[in-house]
Amino acid sequence: MADSPVCIVCVGMAGSGKTTFMQRINSYLHQKRTPPYVINLDPAVLNVPFESNIDIRDSVNYKEVMRQYKLGPNGGILTSLNLFATKIDQILALLEKRTAPPTDPSQKQIKNILIDTPGQIEVFVWSASGDILLGTLASSFPTVIAYIIDTPRTTSTSTFMSNMLYACSILYKTKLPMILVFNKIDVKDASFAKEWMTDFESFQAALQNEEDDGGFGTVEGMGQGSGYMSSLLHSMSLVLEEFYKHLKVVGVSAARGDGIDQFFEAVNEKKAEFERDYKPELEKRKQEREKTKKLKKEKDMGRLLSDLNIESSKGRPKPEKPETISDLEDLEEDSEGQGMISPDDDEDDDDNADNTLKKRYKQALKDDADKPSAEDSGFANYIRTANIG
């Protein structure tokens, strides 16, 4: 994947300037004479300030989906993404074809694939369709998540920590390298956020200042804020200290174009990180899935063969139960000989069986002759009774 184009998936809260950022990096790459391949995955947007090579609106009618399935806005977006995800094989084939090295030496190979996602971030990140799209892209191209943050709205410690927790959840959900893009630095510089992420004491000091100033719902006239919120933010800052080490932080201005060079430098770093750290993990998970699938297939085949054996045994005629002792002896002799006997042996066995039967018959007649009949028994009893009397 060293020469493969990198997929930049832009996600962010509604109003963070994500679509404007997409337009800015698209324009930047065109100025550098390296036009990207652009994909729009927002079915509800009316107009986009950039030209898309693949647009979900060309395949799925968002309003028609809402009407037919009787859904609201978020349900319509989610269902549209699910319908679009059914064509992921066609999308991947088209991407591989368009990003392949050109046959004409004068043409340049596409180095970047830009993907714009819906403003409802949870609809894309936490849905099955989003998981399918990201997993399929990552299996073919180095993929980087660009998490866009509205810098002016992140100046308080609580909103900053909320954004960090959301970024942490996205990182561990997608298992892909991430870049934190603090947008709108023309309005508010992002140096405070970088300091909070690198200096634990700085964040604690800002947290203490907000607590003293009543930033956590302090009642007027009282100097203490919400102890629960303060302790929670203290704990979260300790937990996320290790998380910050795996992120790349860049401040940009989508309106003016500040920081775009630094952003693409971070993209190149994350691409190398993907090749080094994330790709082996993806291959390992792929092999585990294939192994599990193979074991399941073998187990199902074993069950099928077992069922077939049971059915075949049910269809076999049961062996006849021996009626006489001689028949039982014949069966035992057959089993000892594994059912293979010669004609001579068969004749000998028949003669022996006949002789045995004759002997038993004569013995039975002799026993009956020795026994007194009912009349004889009665007469003997009469004599004994008479003698006694």
Side-chain angles (χ1 to χ4, degrees), residues 1-12 18-42 50-55 88 91-102 107-117 124-125 130-149 167 170-183 246-252 254 257 259-283 285-286:
M1 290 186 182
D3 296 332
S4 299
V6 58
C7 291
I8 304 173
V9 183
C10 296
V11 299
K18 177 171 51 60
T19 302
T20 308
F21 175 74
M22 275 281 300
Q23 187 273 337
R24 175 57 64 180
I25 60 178
N26 181 40
S27 176
Y28 174 86
L29 292 173
H30 276 281
Q31 291 177 2
K32 294 292 185 179
R33 306 290 183 181
T34 56
Y37 200 83
V38 183
I39 302 175
N40 173 44
L41 294 180
D42 190 352
F50 50 84
E51 184 177 356
S52 302
N53 299 98
I54 297 177
D55 198 327
I88 188 62
I91 298 169
L92 186 62
L94 190 60
L95 285 175
E96 292 175 347
K97 180 180 179 180
R98 293 289 186 269
T99 58
Q107 296 179 352
K108 292 184 178 180
Q109 183 182 4
I110 294 176
K111 295 295 184 181
N112 296 278
I113 300 174
L114 308 181
I115 301 175
D116 191 18
T117 60
F124 178 77
V125 175
D131 192 20
I132 292 171
L133 291 168
L134 288 176
T136 305
L137 289 173
S139 64
S140 300
F141 306 100
T143 306
V144 177
I145 303 293
Y147 182 62
I148 316 301
I149 300 174
I170 294 173
L171 176 66
Y172 288 104
K173 174 64 171 63
T174 60
K175 296 181 176 63
L176 295 172
M178 176 182 288
I179 302 173
L180 291 185
V181 181
F182 284 89
N183 193 17
H246 301 282
L247 298 177
K248 186 71 177 179
V249 182
V250 179
V252 302
I260 302 300
D261 290 328
Q262 290 78 9
F263 171 74
F264 278 101
E265 290 176 1
V267 168
N268 291 330
E269 292 181 13
K270 290 299 177 180
K271 180 181 178 181
E273 182 180 341
F274 180 91
E275 298 283 354
R276 183 181 66 253
D277 300 331
Y278 288 83
K279 182 181 176 181
E281 181 65 22
L282 290 174
E283 293 292 336
R285 286 189 296 175
K286 182 179 178 181

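Below, all heavy atoms of this structure are taken into account, side chains as well, without hydrogens, waters or symmetry copies. Just so you know, residue 1 is the first one in the sequence shown, and it goes up from there.
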request  = Using the side chain to side chain contact (heavy atoms under 4.5 Å, CB included) rule, take Phe274 and Val6 through it: C-alpha gap first, then chi angles, then the decisive distance, then the call.
outcome  = CA-CA 10 Å; Phe274 180 91; Val6 58; over 6 Å; no
Could you check whether any side-chain heavy atom of [X] comes within less than 4.5 Å of a side-chain heavy atom of [Y], counting everything from C-beta outward?
X	Y	value
Phe124	Ile170	no
Phe50	Ile25	no
Leu29	Phe264	yes
Leu134	Ile145	yes
Leu247	Tyr147	no
Pro36	Asn26	yes
Leu95	Leu137	yes
Asp116	Lys18	yes

Answer yes or no: is there a donor N or O on one side and an acceptor on the other, between the side chain of [X] and the main chain of [Y], under 3.5 Å?
X	Y	value
Ser27	Arg24	no
Asn183	Ala254	yes
Lys271	Ser4	yes
Thr117	Ile115	no
Gln109	Pro102	no

Which pair of non-hydrogen atoms, one from [X] and one from [Y], has the smallest distance, and what is that distance?
X	Y	answer
Ser52	Asn40	OG-CB, 3.5 Å
Val181	Ala146	CG2-CB, 4.3 Å
Val252	Val250	CG1-CG1, 3.7 Å
Leu180	Met178	CD2-SD, 4.1 Å

query = Does the separation of the ring centres of Phe263 and Phe21 fall below 6.0 angstrom?
reply = yes
If you round to the nearest 0.5 Å, how far is [atom2] of [Y] from [atom1] of [X]?
X	Y	atom1	atom2	answer
Lys270	Asn268	NZ	CG	12.5 Å
Met22	Ile39	CE	CD1	9.0 Å
Thr136	Leu92	OG1	CG	6.5 Å
Glu273	Tyr278	CD	OH	5.0 Å
Glu269	Glu265	CD	CD	7.5 Å
Ile113	Lys111	CD1	NZ	11.5 Å

ask   = Do other residues, nucleotides or ligands put more than 12 heavy atoms under 6.0 Å from the NZ atom of Lys32?
value =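 No.
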